[in-house]
Amino acid sequence: MTTLIKNVMLIDGSGKREKFFADIVIKGDRIALIDSSRKQDSSSAEFDLVIDGSGLYASPGFIDTHAHSDIMVFDDPCLLPKSLQGITCEFAGQDGTAVAPLPEEHVESWRKYLSGIDGDSNNFNWHFRTLKNYREAVLRAQPAVNLCIMVPHGNLRLCAMGYDPAAPSPEKLSRMKELLREDLKNGGFGLTTGLDYIPSIYADTAELADLCSVLPEYDGVFSIHMRSEANEIIEAIEEVMEICRRSGCRGHISHFKVSGEWNFHKFDRMLQLLDEAKEEGLQISFDQYPYPFGSTTLTVVLPPWAVEGGADRMLSRLESSELRVRMKQDMQDGLPGWEGFCRNTGTGNLLISSVASPENADVLGKSLDEIAELRQSDPYTVAMDLIYSEKGSISIITKFGKEEHVKRLIRRPEMNLCTDGLFSAHPHPRTYGSFPRFFGRYVREEGLLSWEEAVYKVSGKAAELFRLSQRGFLKEGYFADIVLLNPETVNDCASLENPQQYPRGIEYVFVNGELTVDQGVHTGNRPGRVLTRQVM
C-alpha cells in the first residue's frame with residue numbers, strides 16, 4: 001500500500017523546526033518520503049490512496065503516556081475514544097495496578113478491586129501469570145492503536161507477598177526485582193506505582209528506591225502516582241526526588257497536580273522543586289491531562305486498613321457496624337501517612353461517574369454531599385453504602401483544581417500530555433477529549449504554546465522519554481503514525497454533563513501506515529502492535 005498526502009503543513013514533532021508545507025509518501029508501514037518541494041504527482045498510478053492535505057496540519061501520531069485501556073482493548077479493540085482523538089500509541093499498566101502479572105490465587109479478588117479503575121470484562125481469560133501472556137493476548141485482540149505495557153508495582157507485590165501490608169523481606173524484594181528485571185530484559189519500558197492503591201500504598205521509600213535501582217540497567221522509566229496530590233504534596237515530590245537520587249533512575253510523575261483550594265498556595269513550591277531537581281541533575285518529568293478535575297475509583301476514600309487483603313475482605317469489613325464507625329472517623333480525620341480523598345478533595349467534589357447496578361443509577365453525576373441529602377444520610381455513610389452495594393465496582397470524578405494551574409503546567413518543559421482516561425458509563429471527558437482540547441483551547445484559542453511546541457508535547461517528547469524507536473517524529477524511514485488535523489476546528493466536544501462525545505477536527509489518522517480514521521470516522525482497520533523498548 002502506497003499513500004500520498006498532498007499539500008499538507010507538516011510539524012515534525014521535534015519542537016525545534018518550524019512547520020512547513022510538504023507532500024508525504026507512505027509505503028507499507030513507513031514514511032518513505034517527505035517532499036518539501038511538493039512535486040509528487042497525485043495522478044500517478046504509483047499511489048493506491050491520495051489525500052489532499054490542504055488546510056490541514058500533519059503531526060506525528062499522539063502518544064498517551066498514561067492510559068487505562070488494559071481491559072477495554074478486549075471489548076473495543078478499535079478503542080474509538082482514543083483513536084478518534086488522534087492517539088496512535090498508549091502506555092498501559094499504569095498506577096501500579098493492572099491485569100498482569102497476576103497470581104492464580106488472587107485473580108477473583110483483584111478483578112473486583114480493579115473493576116473500579118479499569119473496568120471489568122468477560123471477553124478474555126484473566127489468568128495472566130506473566131506480562132508476556134498479557135502482551136500475547138493484546139496482540140491477538142488486534143488493537144487499532146499501538147500499546148506499550150509497563151510493569152505494575154502492585155502486581156509485583158501480589159506475586160511476591162500477596163496483600164501483606166508489611167515491608168518485604170529481602171527474599172520477597174529480590175523476587176520483585178527479579179520479575180521486573182525479567183520484563184525489562186524483554187523490552188519492557190519501566191515500572192509504575194500508585195501510592196493511593198493497594199498493595200502499592202504499603203511500600204515505603206526504601207522499597208521503591210531498591211526496586212527502581214534495576215531501571216538504570218535498562219534505561220527504564222519510573223512512572224509514579226504520588227503518595228499525595230494534596231495536603232502532603234511537597235513531601236510527595238521530595239519522595240520522588242529521593243527515589244531518583246538513591247536509585248539513579250529517571251522519574252515521571254503521573255497526572256501532576258495539586259488538589260484542594262487550601263493547598264493552592266503550595267503550587268509555586270511544587271514548581272520550585274522541579275527546578276531544584278533539574279539543578280541537582282535528577283531527571284524528573286510529568287504528564288498532565290488538560291482539565292482541573294480528575295477520576296478514580298470510589299474505594300480510595302476508604303482508609304488503607306479497610307481495603308487490606310483485597311475486595312472480598314473489604315466488603316466483609318463493610319458489613320460490620322463497628323468497623324464502619326472506625327472507617328468514618330478515619331475518612332473524616334485521616335491517618336498518619338494517609339490523608340484520604342474525603343479530606344483532601346472534599347465530599348462535595350466527589351461525583352459518582354459509574355455504577356454496575358441499576359438500583360444506583362440515580363446517583364450518577366451527583367456528589368457524595370448531594371446523595372447524602374437525597375438519602376437523608378451523611379457523605380461518609382453514603383460512600384460506604386455505595387461501595388458495598390456495587391461490590392467495589394464504582395468510579396468517581398474528583399473536582400480538585402484550578403484552571404491557572406493547568407495552564408502553568410502546560411508551559412513547563414517537563415510536561416507531556418496524557419488522558420488518564422477511565423472507561424465507564426459516565427466517564428471523565430478526558431477519555432474522549434484530552435488531545436483535541438489541548439490544541440483547540442490552549443494552543444489555538446489561548447496561545448499558550450506554538451503549534452510546534454504543542455506537537456512536541458504530544459509526540460516527540462514522550463517518544464524520547466520512553467525510548468520509543470522510530471516513532472514520535474515525522475522523519476523518512478520512521479513508522480507512519482500520522483495525524484492530520486484541522487487547526488481551525490480541532491477541539492473537544494465532551495463535557496462533564498455529556499462526556500461520551502467524540503471530538504472535532506481530527507480528520508485522518510494513520511497507524512503503522514494504515515488509515516484508521518477517514519474524515520473523522522473510524523475505518524475499522526486495526527493495525528496496532530504491542531511495542532517493546534529497543535533492547536541495546
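What you see is a predicted model; the values in this text were computed from it and never measured.
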For the ring pair [X] and [Y], is the centre-to-centre distance below 6.0 Å?
{"X": "Tyr289", "Y": "His428", "value": "yes"}
{"X": "Phe400", "Y": "Phe293", "value": "no"}
{"X": "His252", "Y": "Phe286", "value": "no"}

Side chains of [X] and [Y], donor plus acceptor under 3.5 Å:
{"X": "Thr516", "Y": "Asn525", "value": "no"}
{"X": "Asp287", "Y": "Asn416", "value": "no"}
{"X": "His68", "Y": "Asp118", "value": "yes"}
{"X": "His127", "Y": "Glu104", "value": "yes"}
{"X": "Arg533", "Y": "Asn186", "value": "no"}
{"X": "Thr130", "Y": "Asn133", "value": "yes"}
{"X": "His405", "Y": "Lys407", "value": "no"}
{"X": "Tyr113", "Y": "Thr97", "value": "no"}

For Phe438, the ring-ring contact (aromatic ring centres under 6.0 Å, His included) test, sequence neighbours excluded, returns none

Please name all residues satisfying ring-ring contact (aromatic ring centres under 6.0 Å, His included) with Tyr456, sequence neighbours left out, ordered by chain then number.
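None.
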
Could you walk me through whether Asp481 and Asn146 pass the side-chain contact (heavy atoms from CB on, under 4.5 Å) test, one step at a time?
CA-CA 9 Å; Asp481 295 343; Asn146 300 309; 3.2 Å; yes

Taking 4.0 angstrom as the limit, do [X] and [Y] come out as a salt bridge?
{"X": "Asp196", "Y": "Arg227", "value": "no"}
{"X": "Arg157", "Y": "Glu207", "value": "yes"}
{"X": "Arg175", "Y": "Glu178", "value": "yes"}
{"X": "Glu403", "Y": "Arg441", "value": "yes"}
{"X": "Lys82", "Y": "Glu90", "value": "yes"}

Looking at every non-hydrogen atom in both residues, tell me the closest pair between [X] and [Y] and how far apart they are.
{"X": "Leu147", "Y": "Ala92", "answer": "CD2-CB, 4.5 Å"}
{"X": "Leu156", "Y": "Met176", "answer": "O-CG, 3.6 Å"}
{"X": "Pro436", "Y": "Gly433", "answer": "CD-O, 3.4 Å"}
{"X": "Ile243", "Y": "Ala209", "answer": "CG2-CA, 4.1 Å"}
{"X": "Thr2", "Y": "Val25", "answer": "CG2-CG1, 4.1 Å"}

Hey, is the main chain of [Y] close enough, under 3.5 Å, to the side chain of [X] for a donor-acceptor pair?
{"X": "Lys6", "Y": "Ser42", "result": "no"}
{"X": "Arg467", "Y": "Gly220", "result": "no"}
{"X": "Glu453", "Y": "Ser450", "result": "yes"}
{"X": "Ser353", "Y": "Ser395", "result": "yes"}

For Arg129, I'd like to know if atom CZ has over 12 heavy atoms of other residues, nucleotides or ligands within 6.0 Å.
no

Counting only heavy atoms not in Lys132, do more than 12 fall under 6.0 Å of its NZ?
no

Begin from the C-alpha positions of Leu515 and Val517 and carry the test side-chain contact (heavy atoms from CB on, under 4.5 Å) through to its verdict.
CA-CA 6 Å; Leu515 186 65; Val517 176; 5.9 Å; no

Report the C-alpha distance between Arg245 and Glu280 in whole Å, list the side-chain angles of each, state the deciding distance to 0.1 Å, and finish with yes or no for salt bridge (Lys or Arg N to Asp or Glu O under 4.0 Å).
CA-CA 9 Å; Arg245 188 180 293 122; Glu280 187 182 335; 2.6 Å; yes

Going by the rule side chain to side chain donor-acceptor pair (under 3.5 Å), which residues pair with [X] if we only count those two or more places apart in sequence or in a different chain?
{"X": "Asn122", "value": "Arg111"}
{"X": "Lys475", "value": "none"}
{"X": "Arg246", "value": "Glu242"}
{"X": "Ser223", "value": "none"}

Just list the side-chain donor-acceptor pairs under 3.5 Å for residues 486-493, sequence neighbours left out, or say none.
from, atom 1, to, atom 2, distance (Å)
Asn486, OD1, Glu488, N, 2.9
Asn491, ND2, Glu445, OE2, 3.2

Scan [range] for pairs that pass ring pair (Phe, Tyr, Trp, His ring centres under 6.0 Å), counting only residues two or more places apart or in two chains.
{"range": "residues 129-149", "value": "Phe128-Tyr134"}
{"range": "residues 6-51", "value": "none"}
{"range": "residues 502-521", "value": "Tyr432-Tyr502"}

Pair listing, salt bridge (charged side-chain N to carboxylate O under 4.0 Å, His left out) test, anchored in residues 521-530, at least two apart
Asp29-Arg529

Considering only residues two or more places apart or on different chains, which pairs with a residue in residues 35-54 satisfy salt bridge (charged side-chain N to carboxylate O under 4.0 Å, His left out)?
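Sorted result for residues 35-54: Lys27-Glu46.
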
Among Ile284, Thr193, Ile253, find the one that has a side-chain contact (heavy atoms from CB on, under 4.5 Å) with Phe222.
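For Phe222, the side-chain contact (heavy atoms from CB on, under 4.5 Å) check succeeds only for Thr193.
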
Run the numbers on Thr419 and Phe435 for side-chain contact (heavy atoms from CB on, under 4.5 Å), then give the verdict.
CA-CA 8 Å; Thr419 67; Phe435 285 78; 3.5 Å; yes

Steps toward side-chain hydrogen bond (donor to acceptor under 3.5 Å, both in side chains) verdict (Ser121, Asp75)
CA-CA 7 Å; Ser121 175; Asp75 290 345; 2.6 Å; yes

Please step through side-chain contact (heavy atoms from CB on, under 4.5 Å) for the pair Leu449 and Ile410, ending with a clear verdict.
CA-CA 8 Å; Leu449 301 169; Ile410 281 173; 3.7 Å; yes

Is there a side-chain contact between Glu514 and Ile26 in this structure, where contact means two heavy atoms from C-beta onward sitting under 4.5 Å apart?
no

Enter the distance from Cys418:SG to Phe256:CZ here, rounded to the nearest 0.5 Å.
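One finds 13.0 Å between SG of Cys418 and CZ of Phe256.
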
Could you grab the distance from atom CD1 of Ile51 to atom CG of Asp23, nearest 0.5 Å is fine?
12.5 Å

Is the terminal nitrogen or CZ of Arg30 (NZ for Lys, CZ for Arg) located under 6.0 angstrom from the six-membered ring centre of Phe479 and within 45° of that ring's axis?
yes

For Ser434 and Tyr291, run side-chain hydrogen bond (donor to acceptor under 3.5 Å, both in side chains): C-alpha distance rounded to whole Å, both residues' side-chain angles, the deciding distance at 0.1 Å, then the answer.
CA-CA 8 Å; Ser434 286; Tyr291 300 85; 4.5 Å; no

